[in-house]
Structures are given as structure tokens and as C-alpha cells.
Chemist: 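I'd like to ask you about the structure that follows.
These values consider heavy atoms only, across backbone and side chains, with no hydrogens, waters or symmetry-generated copies.
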Amino acid sequence: VPTMASLTPNWAHEGGSSLTLQVDGTNYNGTTIVRFNGSDRPTFFVNTTRVFALLSSADMGTPGDYPITVFNPSPGGGTGGPLTFTVNDLPSALMLSSASVDENQAPGTAVGNLSTTDTWPSPESHTYSLVFGTGSTGNSSFAIVGNQLQTAAGFNFEVQSSFSIRVRSTDFYGAWIEDVFTISVNDLNETPTAVADAYTFNEGGAVNVSAALGVLDNPFTWPIPLSP
């Protein structure tokens, strides 16, 4: 009875081209047949511990885990295995849970969490990174820790109100997807700073006082009533 020790490779990307599968084990001979998901595949005998099988592009058509077995006909035959061959789903979408952050926050402030649509294997880990390309002009102002997008600088709405970043998500098997996000900076009503300005005007007159940059308009009434 044949046995199975390993498959090389033991995975392929969805939509991949045909490949040669190396099967290592014991008790192989010139009649040994490799089966993919129960169906015979063209098999080439190398020696008693190794055979090769040809997998077609159709075998990589649908993501999933598929059993690989080896079969020796009678007499004295039997089936060895199975070992698992994985057809990896390609990531199809990259999402960011929030795309805005308040101005005047310290570096390291969380913006949002990244996630990826990738159906197989499930669950599958993804690695996120900021990458160069179209839409990456704001990358240096951000960092990614795990799956969380964070600021790498303090922002001032009055100086720059939005940033464009380009993010890559790479799955366990190396398949990746990229997307561009626009991060908006939220304008806050900033506390004004007192200055030693002096204003001279006639009783009953009007005076215009300009607010400091970043201080939103608060309505008030002029002229200022004067005490007798």
C-alpha cells in the first residue's frame, strides 16, 4: 500500500495555470496513480519514494481544500493519503472602518481598522502596508500597526484638510490587493489665545476684531455697551 509524506507545492492561487505536483512517500511503482479530489491525474513515476502528477488550470478554478491521494492497482495495491492541496482565494476588496481624524491630535492616534474580503482559507490572516504608487502622496503622515491605521504626525486643518494614502493587503499565501483612501482632517473650534492688542473707538461706534487662525466664528453684538 502506498503512503504519502508531502506535497510540493501544497497550494496554488485561484485561476493559476497548470502545474507539476511532486508527491513524496513510499511504495510507489510504475502503475501508481495520483488522484486530485478523487479523479485520476497524469502521473509520472520517478522512484519508489517519488512520483509527479500534472494538475490542470481547471483544478485551480475554485478556492478550497482538496484531497490528494495515491493509488496502486491490485494485486497488493491500495490507496494512500490523503494530503490537502489548497486553492487560495484572491483578496477581492480592502476596507477602512473610518477615514477621518481630528486635527491637533498626537502622533499614534487611531484613524480606523483595515479589513479584507477573502473567502478562502477562512479565516485567513492578512498583512497591511503603505505602498508607493498612485494616491500615495500622504503615506509618510501615517503608519499601520497590525490592522490599525494610525497617524504619524499631528495635523492642522487650516494647513492641510485631507491626505491620500495607498494601502496593500497581502494574504498568507502572498496574494495581494491595493486601494487608495482619502483621510479627512476634522476642523475643531480651537481655544483662542489672548494677545495684547489695543483698540480705540468712539462711544457708540463699532470695532472689528479678527479671530486667530483656526478659531471658528462665534456671534456677538457690537457696539460694546459702555458704562456711564
Side-chain angles (χ1 to χ4, degrees), residues 1-26 28 32-44 46 49-71 78-99 110-136 139 142-150 165-181:
V1 177
T3 67
M4 301 180 69
S6 64
L7 302 175
T8 307
N10 62 0
W11 65 272
H13 291 311
E14 175 192 10
S17 57
S18 60
L19 61 83
T20 299
L21 178 69
Q22 177 181 306
V23 182
D24 291 317
T26 62
Y28 301 154
T32 298
I33 298 171
V34 174
R35 290 173 171 168
F36 178 91
N37 201 29
S39 299
D40 293 357
R41 293 294 179 264
T43 304
F44 308 92
V46 178
T49 61
R50 178 171 293 173
V51 292
F52 290 113
L54 181 63
L55 302 186
S56 70
S57 58
D59 293 329
M60 273 64 79
T62 304
D65 285 341
Y66 297 93
I68 304 292
T69 56
V70 289
F71 173 73
T79 300
L83 293 178
T84 298
F85 185 90
T86 298
V87 177
N88 178 53
D89 183 34
L90 302 178
S92 58
L94 176 57
M95 289 81 68
L96 178 61
S97 62
S98 174
V111 178
N113 293 325
L114 294 155
S115 60
T116 307
T117 300
D118 192 348
T119 61
W120 194 268
S122 181
E124 183 177 14
S125 62
H126 291 78
T127 302
Y128 299 95
S129 57
L130 293 161
V131 294
F132 175 78
T134 302
S136 67
N139 281 12
F142 295 87
I144 295 175
V145 179
N147 72 325
Q148 187 178 79
L149 180 69
Q150 299 181 355
I165 62 171
R166 188 178 186 90
V167 179
R168 174 180 292 186
S169 172
T170 306
D171 72 14
F172 178 79
Y173 291 97
W176 52 269
I177 188 172
E178 293 180 0
D179 208 345
V180 173
F181 299 97

Chemist: Is any side-chain heavy atom of Thr116 closer than 4.5 Å to one of Tyr128?
Modeler: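 Contact flag for Tyr128/Thr116 side chains = yes.
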
Chemist: Quick one: does any side-chain atom of Ser97 pair with a main-chain N or O of Asn113 as donor and acceptor, under 3.5 Å?
Modeler: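 Answer holds: yes.
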
Chemist: Shortest non-hydrogen contact from Asn88 to Trp120?
Modeler: OD1-O, 3.3 Å

Chemist: If I take atom CZ from residue Arg41 and atom CG from residue Asp59, how far apart are they, to the nearest 0.5 angstrom?
Modeler: 4.0 Å

Chemist: Would you give the length of the straight line joining atom CE of Met95 to atom CG of Asn147, rounded to the nearest 0.5 angstrom?
Modeler: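 Answer for the CE-CG pair, Met95 versus Asn147, is 11.5 Å.
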
Chemist: Could you walk me through whether Phe181 and Leu94 pass side chain to side chain contact (heavy atoms under 4.5 Å, CB included), step by step?
Modeler: CA-CA 10 Å; Phe181 299 97; Leu94 176 57; 4.0 Å; yes

Chemist: Are the side chain of Asp89 and the backbone N or O of Thr119 linked by a donor-acceptor pair below 3.5 Å?
Modeler: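 It does hold such a pair.
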
Chemist: To the nearest 0.5 Å, what is the distance between CG (Asp24) and CG (Leu83)?
Modeler: 10.0 Å

Chemist: Grab the two heavy atoms, one from Gly78 and one from Pro2, that are nearest each other, plus how far apart they are.
Modeler: O-CD, 3.5 Å

Chemist: How many angstroms lie between CG in Leu96 and CD in Gln148, if you round to the nearest 0.5 Å?
Modeler: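 Answer rounded to 0.5 Å: 10.5 Å.
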
Chemist: Check step by step if side chain to side chain contact (heavy atoms under 4.5 Å, CB included) holds for Val167 and Ile144.
Modeler: CA-CA 9 Å; Val167 179; Ile144 295 175; 4.0 Å; yes

Chemist: For residues 118-134, which residue pairs pass the salt bridge (Lys or Arg N to Asp or Glu O under 4.0 Å) check, not counting sequence neighbours?
Modeler: none

Chemist: Any donor-acceptor pair under 3.5 Å linking the side chain of Thr3 with the backbone of Thr26?
Modeler: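 Between the backbone of Thr26 and the side chain of Thr3 there is a qualifying donor-acceptor contact (under 3.5 Å).
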
Chemist: Any side-chain to backbone donor/acceptor pair from Arg166 onto Asn139? Under 3.5 Å, distance only.
Modeler: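 No: the side chain of Arg166 does not pair with the backbone of Asn139.
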
Chemist: Under a 3.5 Å threshold, yes or no: a donor from one side chain and an acceptor from the other, between Thr84 and Asp65?
Modeler: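 No.
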
Chemist: Considering the options Thr49, Val70, Val46, which one meets the side chain to side chain contact (heavy atoms under 4.5 Å, CB included) requirement together with Tyr28?
Modeler: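 Only one of Thr49, Val70, Val46 forms a side chain to side chain contact (heavy atoms under 4.5 Å, CB included) with Tyr28, namely Val70.
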
Chemist: With the side chain counted from C-beta on, respond yes when Ile165 and Leu130 share a heavy-atom pair under 4.5 Å apart, and no when they do not.
Modeler: yes

Chemist: Nearest heavy-atom pair of Glu178 and Arg168: which atoms, and what distance?
Modeler: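 Between these two residues, the closest heavy atoms are OE2-NH2, 2.6 Å.
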
Chemist: So, the side chain of Thr43 versus the backbone of Val34: is there a donor-acceptor pair under 3.5 Å, distance only?
Modeler: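 Here the side-chain-to-backbone pair exists.
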
Chemist: Which pair of non-hydrogen atoms, one from Tyr66 and one from Val87, has the smallest distance, and what is that distance?
Modeler: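 Closest approach of Tyr66 to Val87, heavy atoms only: CE1-CG2, 3.7 Å.
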
Chemist: Would you say the side chains of Thr117 and Ser92 form a donor-acceptor pair under 3.5 Å?
Modeler: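 Short answer, no.
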
Chemist: Please lay out, stage by stage, how Leu7 and Val23 fare under the test side chain to side chain contact (heavy atoms under 4.5 Å, CB included).
Modeler: CA-CA 5 Å; Leu7 302 175; Val23 182; 3.9 Å; yes

Chemist: Please report the interatomic distance CH2(Trp176) to CG(Leu90), rounded to the nearest 0.5 Å.
Modeler: 11.0 Å

Chemist: With sequence neighbours left out, what residues match Thr20 under side chain to side chain contact (heavy atoms under 4.5 Å, CB included)?
Modeler: Phe52, Leu54

Chemist: Could you report the tightest heavy-atom contact between Pro9 and Leu21, atom names first, then the distance?
Modeler: O-CD1, 2.9 Å

Chemist: Please verify the inter-ring angle class for Phe85 with Phe36; under 30° counts as parallel, over 60° as perpendicular, anything in between as tilted.
Modeler: perpendicular

Chemist: Please report the shortest heavy-atom distance between Ser169 and His126, naming the atom on each side.
Modeler: OG-CD2, 3.4 Å

Chemist: Once you round to the nearest 0.5 Å, how far does CD1 of Ile68 lie from CG of Leu55?
Modeler: 5.5 Å

